[in-house]
Amino acid sequence: QVQLVESGGGLVQAGGSLRLSCAAAPGTSLKDYAMGWFRQPPGKEREFVATITWTGYNSYYADSVKGRFTVARDNAKNTVYLQMNSLEPEDTAVYYCAAGTFASFERDYDYWGQGTQVTVVS
């Protein structure tokens, strides 16, 4: 079992940056899991953002964030990051990290964090 704790959300102006973190709770581990980021905009369904393999060698992004967001991980710290640059109001959402298989579908992830709010104002 993996428990995930997200942090780093907040309020930012359009064009700004935020870095989200997702850490495994003490006593749990991200070992061998691909890690995904998803988001749920207000009034919409949750959608895929990015994913990264256990090794960190491969990653994959939604078209809407490609070139602006970067996913990375530090396995020594049991932590995954989502660096978000050039933020737009459309990026406003609750962001979730998840542990599972290297894929873009929610069904491929077994463990989820509680979510962190990101609000981008123009």
To the nearest 0.5 Å, tell me how far [X] [atom1] sits from [Y] [atom2].
| X | Y | atom1 | atom2 | result |
| --- | --- | --- | --- | --- |
| R19 | T70 | CZ | OG1 | 11.5 Å |
| S122 | E90 | OG | CD | 9.0 Å |
| Y61 | R68 | OH | CZ | 12.0 Å |
| T116 | R39 | OG1 | CZ | 14.0 Å |
| D91 | S64 | CG | OG | 7.5 Å |

- Check whether the ring centres of Y60 and F48 lie less than 6.0 Å apart, and answer yes or no.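 Judged by ring-centre distance (under 6.0 Å), Y60 and F48 do meet the cut-off.
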- Message: Please report whether the ring centroid of F38 lies less than 6.0 Å from that of W112.
- Response: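 For W112 and F38, the ring centres are under 6.0 Å apart.
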If you look at every heavy atom in [X] and [Y], which pair is closest and at what distance?
| X | Y | result |
| --- | --- | --- |
| S17 | S86 | OG-N, 4.3 Å |
| K66 | D63 | NZ-OD1, 3.1 Å |
| V5 | A25 | CG2-CB, 4.4 Å |
| V118 | G9 | CG2-CA, 4.1 Å |
| A23 | T79 | CB-OG1, 3.8 Å |

If hydrophobic clusters are built from ILVMFWY residues whose side chains come within less than 4.5 Å, do [X] and [Y] share one?
| X | Y | result |
| --- | --- | --- |
| Y111 | M35 | yes |
| Y96 | V80 | no |
| I52 | Y95 | yes |

- Message: Checking side-chain contact (heavy atoms from CB on, under 4.5 Å) between M84 and each of L20, V65, V12, which is the one that passes?
- Response: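 So, applying the side-chain contact (heavy atoms from CB on, under 4.5 Å) to M84 and each of L20, V65, V12, only L20 qualifies.
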With distance as the sole test, does [X] use its side chain to make a donor-acceptor pair with the main-chain N or O of [Y] at under 3.5 Å?
| X | Y | value |
| --- | --- | --- |
| Q83 | V71 | no |
| E6 | G115 | yes |
| D108 | A103 | no |
| T28 | V2 | no |
| T92 | V120 | yes |

- Think R73 forms a cation-pi with Y81, using NZ or CZ under 6.0 Å from the six-ring centre and within 45 degrees of its axis?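 No, R73 and Y81 do not form such a contact.
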- Task: For E106, look at atom CD and say whether over 12 heavy atoms of other residues, nucleotides or ligands are found less than 6.0 Å away.
- Result: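 Yes, because the 6.0 Å sphere around CD of E106 holds more than 12 heavy atoms from other groups.
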- Should the heavy atoms of other residues, nucleotides or ligands under 6.0 Å from NZ of K44 be counted, would the total exceed 12?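 Atom NZ in K44 is not crowded, with 12 or fewer foreign heavy atoms closer than 6.0 Å.
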- Message: side-chain contact (heavy atoms from CB on, under 4.5 Å), that's the test. Do S59 and T51 meet it? Break it down for me.
- Response: CA-CA 5 Å; S59 58; T51 184; over 6 Å; no
- Message: Evaluate T119 against Q117 for side chain to side chain donor-acceptor pair (under 3.5 Å), listing each step before the verdict.
- Response: CA-CA 6 Å; T119 302; Q117 176 70 47; 3.3 Å; yes
Would you say the side chain of [Y] lies within less than 4.5 Å of the side chain of [X], judging by non-hydrogen atoms?
| X | Y | result |
| --- | --- | --- |
| N78 | K31 | no |
| T101 | Y109 | no |
| E47 | Q40 | no |

- Using the side-chain contact (heavy atoms from CB on, under 4.5 Å) rule, take S29 and Q1 through it: C-alpha gap first, then chi angles, then the decisive distance, then the call. CA-CA 8 Å; S29 172; Q1 182 129 7; over 6 Å; no
- Please identify each residue that fulfils side-chain contact (heavy atoms from CB on, under 4.5 Å) with S7, with sequence neighbours left out.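 Partners of S7 under the side-chain contact (heavy atoms from CB on, under 4.5 Å) test: S21.
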- Task: Using the side-chain contact (heavy atoms from CB on, under 4.5 Å) rule, take L18 and N85 through it: C-alpha gap first, then chi angles, then the decisive distance, then the call.
- Result: CA-CA 7 Å; L18 279 176; N85 298 330; over 6 Å; no
- Set of side-chain hydrogen bond (donor to acceptor under 3.5 Å, both in side chains) partners for T53, sequence neighbours left out: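 Expected list: T55.
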- Message: Could you walk me through whether Q114 and L4 satisfy the side-chain contact (heavy atoms from CB on, under 4.5 Å) test, starting with their C-alpha distance in whole Å, then the side-chain angles of each, then the deciding distance to 0.1 Å, before giving a yes or no?
- Response: CA-CA 8 Å; Q114 81 286 355; L4 303 172; 6.0 Å; no
